Amino acid sequence: MVLNRIEELLEKYDNAETTLQEEQELRDYFLSNQVAPHLEHYKPMFQYFSISQKEEFTKDVPLKTTKRYFYQWISVAAVSILMLGIFLPRTLLGPSAEEERQAMETYEQTMEALSLVSAGMNKGKQELTSLAMVSDNLNDGMSKAGRLGEFSKATNKIFKNN
Amino acid sequence: MTQSDFVNIVMPFKDKVFRLAKRLLVSEQEAEDATQEILLKLWRHKENIENYKNVEAFSMTMTKNFCLDRLKSKQAQNLKIVHSNYQDHNVGLQKEVEVRDSLSWVEKIMETLPEQQKMIVQLRDIEQYDFEEIAKMLDMKETAIRVALSRARKTIREKLTNTHRYGIK
């Protein structure tokens, strides 16, 4: 009786027409110790199925990765903001009050030095005008010396005639 | 969603993911890596998990796609997963050895099946999902699944009968 039922189920099983309950029935039968000899070759199949069902995944999965990445990026962001905070004001916001004061000081010192130089220059210029007067007199003297040359020509002519 | 909520959701089916991955990738190491990868993917998208109607079916589909991709890229690289669990096949020493032997034979026979049939046998005969769920996971029609399943079961039975009867490979 049981055997008939099992054989019937096996045929349905091969055609993939059994329900899950019927398959459980088959499994129970073949996992028991009273398998009919001519059906013995089905046994390893069902045994294998029930054994493989028990295999487990034992490896650990590191689930925190996403969180850790998040914190890493926060630190990166913090460092870059810090760097920006240090370098940006220098380039974008211009000099600070202290620097401005220093710059003005230097400017004033330079202007002072320059005006000293220019005062000296003016003095030198006045001396130069007197030098120009000297050269005027020199030219005067030169023209007079030219006249003196004329005179010496005339005296030479007189000497030849004698 | 906290980590423990996530673990509670994932716990019931993480072994199923691993077994399906192992069925397809054969190597235990590869299957472990794949499972890890899939769980991490789920974790990364944990905000969406509540929106999925069936996280388990969704994860199984993901596993299927992931493993098939893996296999494809392995083939493209011309690398085969080498797996050697069943050398030393000594026929009929003891009853015990025989049983263990024939179990590994079933595994070996399953390996020769096409990927699709492998997955269907895995999901139906080992994980005991009903056809509707399998159809959803594999994105197939139920009738097509029945046909493939029937074919796979017959192949397994035939090969097993041959080994059983003659003790040949």
Side-chain angles (χ1 to χ4, degrees), chain A residues 3 6-74, chain B residues 3 6-7 10 14-19 21-23 28-29 31-33 35-40 42-44 46 98-107 109-110 120-122 124-131 145-154 156-158 160-165:
Chain A
L3 203 58
I6 293 297
E7 278 173 352
E8 200 180 295
L9 283 183
L10 272 179
E11 199 178 325
K12 271 174 84 180
Y13 176 82
D14 276 347
N15 293 324
E17 284 158 354
T18 38
T19 63
L20 283 172
Q21 283 81 18
E22 288 168 332
E23 280 168 27
Q24 189 56 49
E25 226 174 287
L26 280 174
R27 215 169 285 126
D28 290 343
Y29 174 78
F30 281 103
L31 292 181
S32 72
N33 283 322
Q34 296 122 0
V35 180
H38 70 283
L39 295 177
E40 191 89 21
H41 58 272
Y42 274 105
K43 208 174 161 178
M45 187 163 88
F46 287 104
Q47 273 176 336
Y48 175 74
F49 287 159
S50 69
I51 284 175
S52 347
Q53 206 180 11
K54 292 187 185 91
E55 212 171 342
E56 282 177 0
F57 177 68
T58 47
K59 217 173 162 189
D60 271 342
V61 180
L63 285 184
K64 287 200 168 158
T65 35
T66 46
K67 253 186 186 168
R68 215 188 300 136
Y69 281 137
F70 182 63
Y71 283 121
Q72 269 175 1
W73 283 115
I74 279 196
Chain B
Q3 199 168 328
F6 178 76
V7 170
V10 162
K14 73 169 177 30
D15 294 331
K16 295 180 182 178
V17 166
F18 171 65
R19 291 192 289 252
K22 197 186 165 199
R23 176 68 56 216
E28 192 152 336
Q29 199 99 64
E32 274 176 357
D33 290 350
T35 313
Q36 200 171 33
E37 196 67 36
I38 284 152
L39 292 182
L40 281 178
L42 280 175
W43 172 247
R44 256 176 257 139
K46 57 185 181 302
E98 229 169 78
V99 169
R100 210 185 308 143
D101 228 29
S102 44
L103 290 190
S104 77
W105 268 114
V106 181
E107 191 167 3
I109 290 166
M110 295 259 308
I120 292 172
V121 172
Q122 176 75 24
R124 177 69 180 187
D125 278 332
I126 296 176
E127 308 300 357
Q128 294 165 31
Y129 285 115
D130 58 40
F131 285 117
I145 289 174
R146 277 176 202 273
V147 170
L149 181 61
S150 159
R151 214 167 279 162
R153 280 172 173 172
K154 279 174 182 161
I156 296 174
R157 194 208 47 204
E158 246 162 61
L160 212 53
T161 317
N162 287 343
T163 359
H164 187 79
R165 219 171 265 161

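Order of the sequence lines sets the chain letters (A, B, ...), proteins ahead of strands, with each chain counted from 1. Quick caveat: nothing in here was measured; it's all calculated off a predicted structure.
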What part of [X] lies closer than 4.5 angstrom to a heavy atom of chain A: side chain, backbone, both or neither?
{"X": "B:Val121", "result": "side chain"}
{"X": "B:Val7", "result": "side chain"}
{"X": "B:Phe6", "result": "side chain"}

Check: [Y] main-chain N/O paired with [X] side-chain donor or acceptor under 3.5 Å:
{"X": "B:Lys14", "Y": "A:Phe57", "value": "yes"}
{"X": "A:Gln53", "Y": "B:Ile126", "value": "yes"}
{"X": "B:Arg153", "Y": "A:Asp14", "value": "no"}

- Message: Heavy-atom cut-off 4.5 Å, strictly under: side chain, backbone, both or neither for A:Thr19 against chain B?
- Response: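 For A:Thr19, backbone heavy atoms alone lie under 4.5 Å from chain B.
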
- Item | Per-residue contact mode, A:Lys43 against chain B (heavy atom under 4.5 angstrom) |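 Contact with chain B involves no heavy atom of A:Lys43 at all.
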
- Item | Heavy-atom pair count under 4.5 Å with chain B, highest-scoring of A:Glu55, A:Lys54, A:Lys59, A:Met45 |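 The residue among A:Glu55, A:Lys54, A:Lys59, A:Met45 with the greatest pair count is A:Glu55.
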
- Do B:Gln128 and A:Arg27 have side-chain heavy atoms sitting under 4.5 Å apart?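 Yes, their side chains come closer than 4.5 Å.
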
- Message: If you define the side chain from C-beta out and look only at heavy atoms, does anything of A:Ser52 sit under 4.5 Å from B:Lys22?
- Response: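 No. Closest side-chain heavy atoms not under 4.5 Å.
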
Show the nearest heavy-atom pair for residues [X] and [Y], with the distance to one decimal.
{"X": "B:Ser150", "Y": "A:Ala16", "answer": "N-CB, 3.8 Å"}
{"X": "B:Arg157", "Y": "A:Tyr42", "answer": "CD-OH, 2.6 Å"}
{"X": "B:Tyr129", "Y": "A:Leu20", "answer": "O-CD2, 3.9 Å"}
{"X": "B:Arg146", "Y": "A:Glu17", "answer": "NH1-CA, 4.0 Å"}
{"X": "A:Pro44", "Y": "B:Leu160", "answer": "CG-CD2, 4.0 Å"}

- Chi angles and distances behind the side chain to side chain contact (heavy atoms under 4.5 Å, CB included) call for A:Gln47, B:Val106: CA-CA 9 Å; A:Gln47 273 176 336; B:Val106 181; over 6 Å; no

- Task: Considering only heavy atoms and a distance below 4.5 Å, find which of B:Ile109, B:Leu149, B:Leu39, B:Thr35 pairs most often with chain A.
- Result: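 Looking at each option in turn, the highest pair count goes to B:Thr35.
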
- Item | Salt-bridge present (B:Arg124, A:Glu23; N to O < 4.0 Å) |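 Here B:Arg124 pairs with A:Glu23 in a salt bridge, since their nearest N and O are under 4.0 Å apart.
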
- Message: Checking B:Asp125 against A:Tyr13: is there a side-chain donor and acceptor pair closer than 3.5 Å?
- Response: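 Per modelled atom types, A:Tyr13 and B:Asp125 side chains form a pair under 3.5 Å.
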
